[in-house]
Amino acid sequence: MARYDRAITVFSPDGHLFQVEYALEAVRKGNAAVGVRGTDVVVLGVEKKSTAKLQDSRTVRKIVSLDDHIALVCAGLKADARVLVNRARIECQSHRLTVEDPVTVEYITRYIAGLQQKYTQSGGVRPFGLSTLIVGFDPYTGIPSLYQTDPSGAFSAWKANATGRNSNSMREFLEKNYKETSGQETVKLAIRALLEVVESGGKNIEIAVMTKEHGLRQLEEAEIDAIVAEIEAEKAAAETAKKAPPKET
Amino acid sequence: MGIRAILSSHLPNGQFGRHSLCLAAVGREIMKLDTSGLESAASLFGASSELFDGFATAPSFELPVTNDFDGFQKEAIQMVKPAKGTTTLAFIFKEGVMVAADSRASMGGYISSQSVKKIIEINPYMLGTMAGGAADCQFWHRNLGIKCRLHELANKRRISVTGASKLLANILYSYRGMGLSVGTMIAGWDETGPGLYYVDSEGGRLKGTRFSVGSGSPYAYGVLDSGYRYDLSIEEAAELARRAIYHATFRDGASGGVASVYYVGPNGWKKLSGDDVGELHYKYYPVMPSTVEQEMVEVSGA
């Protein structure tokens, strides 16, 4: 087995591309990220590891915008993310130039996934060590979308998804609790999913909401704290309701 | 010692790759070019390696013996460039886009064909008109059709007229100065409604509501502009287009044959008519039988 993880262009005897799988491992070590699609809004959330005291936290932005109507969050190697995001931003503008139209979410996802795939089939390069969650609105139909890509270059659309650390628990939670929501409800669902794996509090969570009219908006710490408090209250109320015996006779 | 000048021009979308002119004058100077800034480019080509001392490995051809290096090329292109002997027009109106063209192909004073299809069907909802070099127009419209179809397959939606015209304009721009002769209009119907763009081989691209291209265009514009209203019906617009082409063929020697009229609506394009302009002439200006003043009578046998 060890012989098959040097040059990534080589398959292993049982059909694995080990470099791609190792890249997925790198993703699993990255910070937790979640995306939820609502009817009129898409929400991205990411875990914010506590910043060092001397670090300027404003320069550590995890949720980035690719264009006015498209945003992205990734889990994995941050340096790879920077390169990929730059190429995607150039492609968004290039598309606007050549066909005089903004990109659709699907187009830019296909481009990013294509880029990630290219690096699994070239000599001397390693795959990008990140999975991305891409959200946005279709510029023509106004329909919100959420897509995920991974280091192998595969992509697909999702109603809600999570990636990074403990993504399995987050995904399980979403599968159990997902329903079509809009506006603030979608934001709450995203935060609840993140709270499953992240320490509670506005300091540790970064949330961005994208709407068709206003584009991408990062929520303030105070806003997040308020919503977290709401969620805790709801949770507590649900607990007491469960514990108290039903009052009907 | 030889003078080595390597000029390489790299085209925007890299279609042609590198195409370079290499002048290797051994011993004598053909032209007094200042090559001091160009020496470093030689190493890029690898032409000046120790093994090939003094020989050029890149293809080379001789430069003409002239002082006006840039102007010479222009003259040659003008000589070969077919004058856009044709009349095509298109305009947007309330119901969609009307596209019309003649069908004469001329080589100087010789009419080579009276039945050329100058309206090219790019796809079921987009038309292109041909003016200039027939081969250039046909090939690049066909190529555009391929690109539009690929766009549809990849993006699961039709390409807009804006996008299609921009693709063509970018291609033509990358061949700028190489002798392509294309003066075309891209007409179609997309999600934003009717669209009309003029694209030419100089790389120009214009969005508009009324265009006429070709040697007969001044005459066509006269009729078109004076009869145009936005709220024409389809039949009225077709008649206006037909008359404009007829009048252009009447006065312009390089236009003639058949006046074809196409209509592009929300469901795609449809050919409305193809009338011989000779017949149209007698339809518009029928011969009135005039009263005979004197009649010649045959004199019976001498």
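Since the model is a prediction, treat every value here as computed from it, not as a measurement. Basis for what follows: all heavy atoms, side chains included, without hydrogens, waters or symmetry-related copies.
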Task: Leading residue by heavy atom contact count with chain A [cutoff under 4.5 Å; candidates E191(B), R205(B), K156(B), H151(B)] - done: R205(B)
Task: Flag if over 12 foreign heavy atoms under 6.0 Å of CZ, R142(B) - done: no
- [ ] Please list, in residue-number order, every residue in residues 174-189 of chain A that has a heavy atom less than 4.5 Å from any heavy atom of chain B; write 'none' if there are none.
- [x] none
Open item on the list: Using heavy-atom distances under 4.5 Å, tell me whether T98(A) contacts chain B through its side chain, its backbone, both, or neither.
Closed with: both
Open item on the list: Just to be sure I understand the criterion: a residue of residues 63-84 of chain A counts if one of its heavy atoms is under 4.5 Å from a heavy atom of chain B. Which ones qualify?
Closed with: none
TODO: Let me know if A169(B) has heavy atoms under 4.5 Å from chain A in its side chain, its backbone, both or neither.
DONE: neither
- [ ] Would you give the length of the straight line joining atom CG of N170(B) to atom CG of L97(A), rounded to the nearest 0.5 angstrom?
- [x] 7.0 Å
Task: Non-hydrogen atoms of D101(A) and S160(B) that approach each other most closely - done: OD2-OG, 3.7 Å
- [ ] Apply salt bridge (charged side-chain N to carboxylate O under 4.0 Å, His left out) to R157(B) and E106(A), showing your working.
- [x] CA-CA 12 Å; R157(B) 71 182 329 138; E106(A) 201 254 342; over 6 Å; no
- [ ] May I ask you to check whether over 12 heavy atoms, not counting those of K159(A), lie within 6.0 Å of atom NZ?
- [x] no
